[in-house]
Amino acid sequence: MLAKDCVPLVEVTRGEIVESIHFGAFIVVDSHGNILASEGNPNLMTYPRSSMKPFQALPFIERGGAEKFELTDQEVSIICASHSGTDLHKSVLEGMHAKIGISEADLACGVHWPSDAATRDALKAAGEEPTPFRHNCSGKHTGMLAHALLRDFEKEDYLNPDHPVQVTIRETLAEMVDMIPSEMPLGRDGCSAPVYGIPLSNMARGVAKMAGPVHLAPERGAACRKITKAMMRYPVMVAGPGKFDTDLMTAARGKVFCKGGAEGYQIIGVMPGVLGEDSPGLGIAIKISDGDATGRARSSVSLTLLQTLGVLGEDEIAALSGYGNLPVKNWRGFVVGEIRPAFTVSTAPEN
């Protein structure tokens with residue numbers, strides 16, 4: 001990523017002065033491949049990080065993995081998740097492992113404290129240490145292990161980029177984002193799973209296909225619908241209480257699925273028919289160049305786009321009042337500035 005790839009997307013003011021600026025890029029496309037809006041370099045090559053998770057689950061679901069192991073929509077949702085490590089998340093994962101026939105020791109994601117503050121405080125108060133089930137990527141890793149068992153592959157070394165599960169994920173992802181696997185730079189994610197560089201425009205096209213899989217083979221289209229349905233039906237599995245992805249899908253009530261990724265990445269899929277009876281699915285890919293540690297820039301760009309495009313109305317935006325374009329308050333509660341978009345949405349010519 002180069003500085004010239006990014007433009008101002010979000011401003012943070014104090015008094016009459018713009019005190020901070022978040023730079024980045026985004027693109028909005030429909031499931032026919034038409035570009036609806038963009039800012040910055042739409043071909044910016046970057047790692048989607050955890051925003052890849054629905055795509056990493058796709059070949060497992062496409063091959064009938066959910067049916068084989070009798071996984072519920074709640075369990076499919078957590079396969080696509082960066083969950084916050086609550087007791088509910090842990091309980092769902094324990095049930096999945098019993099169905100699949102694997103153990104927590106098989107998870108190679110590592111260990112960290114839950115991002116859910118109440119859960120983290122409770123564990124510390126009880127003198128307990130977190131285990132791999134509390135790791136935000138443990139659902140994805142559970143899905144990868146199940147994928148290996150589904151196809152009679154060895155589960156050991158399942159994160160090796162040359163393991164058949166990872167090869168299949170890479171090939172499936174490439175097909176969804178209209179790339180050749182060798183064109184996608186290989187990296188290693190925070191949980192040690194392979195991650196691939198993808199231009200924003202390609203990722204947005206993949207998201208649009210997942211939202212509206214009208215041009216996909218029947219088996220893949222059905223798998224996309226199963227994944228998006230599960231994520232929207234059980235959004236608390238995807239992130240957790242008080243998390244943007246969960247709250248956005250809850251407020252949107254079946255209009256969108258979404259998945260954030262580390263270092264300022266966000267995907268949003270708008271379902272077919274949301275913008276009119278025959279409207280296609282939309283795919284949105286956003287990258288904030290500074291990594292957006294607090295998430296304020298991603299939520300601002302996301303809600304600005306969804307409101308301007310007509311996806312979310314006033315009531316839904318009101319339900320998301322803790323995110324997006326907000327007043328800045330000091331420690332005494334005085335309003336001292338605001339978070340606001342630094343761009344206007346202009347429709348791009350169709351391809």
Side-chain angles (χ1 to χ4, degrees), residues 9-10 26-31 36-37 48 50-55 57 73-74 76-84 88 139 203-214 224-261 265-286 288 292 295-326 339 341 345:
L9 293 182
V10 179
F26 69 77
I27 184 168
V28 185
V29 304
D30 67 24
S31 55
L36 304 185
S50 284
S51 293
M52 281 176 43
K53 286 178 178 175
F55 296 91
D73 283 350
Q74 185 182 43
V76 170
S77 185
I78 204 170
I79 291 175
C80 305
S82 295
H83 68 79
S84 53
L88 174 60
M203 191 65 183
R205 289 202 297 272
V207 175
K209 288 181 189 178
M210 185 166 279
V214 291
C224 287
R225 293 183 183 96
K226 188 174 187 67
I227 286 170
T228 57
K229 173 190 171 187
M231 292 175 70
M232 293 186 293
R233 186 178 180 189
Y234 291 98
V236 75
M237 288 292 105
V238 176
K243 302 296 184 181
F244 180 64
D245 284 342
T246 290
D247 290 345
L248 173 55
M249 286 188 282
T250 300
R253 299 187 298 273
K255 291 183 179 182
V256 307
F257 71 94
C258 59
K259 184 69 195 72
Y265 208 97
Q266 183 74 47
I267 63 166
I268 303 172
V270 179
M271 304 309 289
V274 167
L275 298 180
E277 185 176 351
D278 297 319
S279 63
L282 305 184
I284 301 171
I286 301 165
I288 305 301
D292 193 26
R296 68 184 183 183
R298 273 178 294 176
S299 66
S300 172
V301 175
S302 297
L303 296 187
T304 298
L305 286 172
L306 292 174
Q307 187 172 24
T308 304
L309 292 168
V311 176
L312 298 182
E314 291 183 6
D315 290 346
E316 292 148 334
I317 292 295
L320 294 162
S321 60
Y323 303 99
N325 303 311
L326 304 171
I339 302 169
V345 179

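Numbers here simply count residues along the sequence, with the first being 1.
Side-chain atoms of Lys53 and Ser82 include a donor-acceptor pair closer than 3.5 Å.
The side chain to side chain contact (heavy atoms under 4.5 Å, CB included) test with Leu306 singles out one residue from Ile268, Val301, Leu320, and that residue is Ile268.
Sorted by first and then second residue, the salt bridge (Lys or Arg N to Asp or Glu O under 4.0 Å) pairs involving residues 235-248 (not counting sequence neighbours) form an empty list. Listed by first then second residue, pairs satisfying salt bridge (Lys or Arg N to Asp or Glu O under 4.0 Å) with a partner in residues 228-241 read Asp73-Lys229, Asp73-Arg233, not counting sequence neighbours.
No side-chain heavy atom of Arg296 sits less than 4.5 Å from a side-chain heavy atom of Val10. Proximity of Leu303 to Leu248: side-chain heavy atoms (C-beta onward) are separated by under 4.5 Å at one or more points. Under the 4.5 Å side-chain criterion, counting only non-hydrogen atoms from C-beta, Gln266 is in contact with Arg298. Counting heavy atoms from C-beta on, the side chains of Val311 and Met271 never come closer than 4.5 Å. No side-chain heavy atom of Met232 sits under 4.5 Å from any side-chain heavy atom of Arg253. Residues Met203 and Tyr265 have side chains in contact (heavy-atom distance under 4.5 Å, counting atoms from C-beta outward). With contacts defined as side-chain heavy-atom distances shorter than 4.5 Å, the pair Asp30/Val270 does not qualify. Considering only heavy atoms from C-beta on, Ile27 stays 4.5 Å or farther from Ile284 through its side chain.
In terms of the ring pair (Phe, Tyr, Trp, His ring centres under 6.0 Å) criterion, residue partners of Phe26 (sequence neighbours excluded) are, by chain and number, Phe343.
In this structure a side-chain-to-backbone donor-acceptor pair under 3.5 Å is present from Ser51 to Lys259. For the pair Ser77 (side chain) and Met237 (backbone), a donor-acceptor distance under 3.5 Å is absent. The main-chain N or O of Gly273 is found under 3.5 Å from a side-chain atom of Ser279 such that the two form a donor-acceptor pair. A donor-acceptor pair under 3.5 Å links the side-chain atoms of Ser299 to the main chain of Gly324, judged by distance alone. In this structure a side-chain-to-backbone donor-acceptor pair under 3.5 Å is present from Thr228 to Arg225. Remark: side-chain polar atoms of Thr246 are paired, donor with acceptor, to backbone N or O of Pro235 under 3.5 angstrom.
Atom OG1 of Thr304 sits about 4.0 Å away from atom CG of Asn325, to the nearest 0.5 Å. Considering CE of Met210 and CE of Met231, their distance stands at 8.5 Å, rounded to 0.5 Å. With values rounded to the nearest 0.5 angstrom, Met249 atom CE is found 4.0 Å from Cys258 atom SG. Atoms CD1 and OH, from Ile78 and Tyr234 in turn, are 12.5 Å apart once rounded to the nearest 0.5 Å. Rounding to the nearest 0.5 Å places CD1 of Ile79 at 12.0 Å from CD of Gln74. Distance check, rounded to the nearest 0.5 Å: CZ of Phe55 to SG of Cys80 gives 10.0 Å.
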**Study point:** Audit row: Val29, Leu282, side-chain contact (heavy atoms from CB on, under 4.5 Å) steps and yes/no
**Key:** CA-CA 6 Å; Val29 304; Leu282 305 184; over 6 Å; no
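Here the shortest heavy-atom pairing between Pro341 and Ser300 reads N-OG, 4.3 Å. Between Val214 and Ser31 the shortest heavy-atom distance is CG2-OG, 4.4 Å. Listed here is the closest heavy atom pair of Gly283 and Ala208: N-CB, 3.4 Å.
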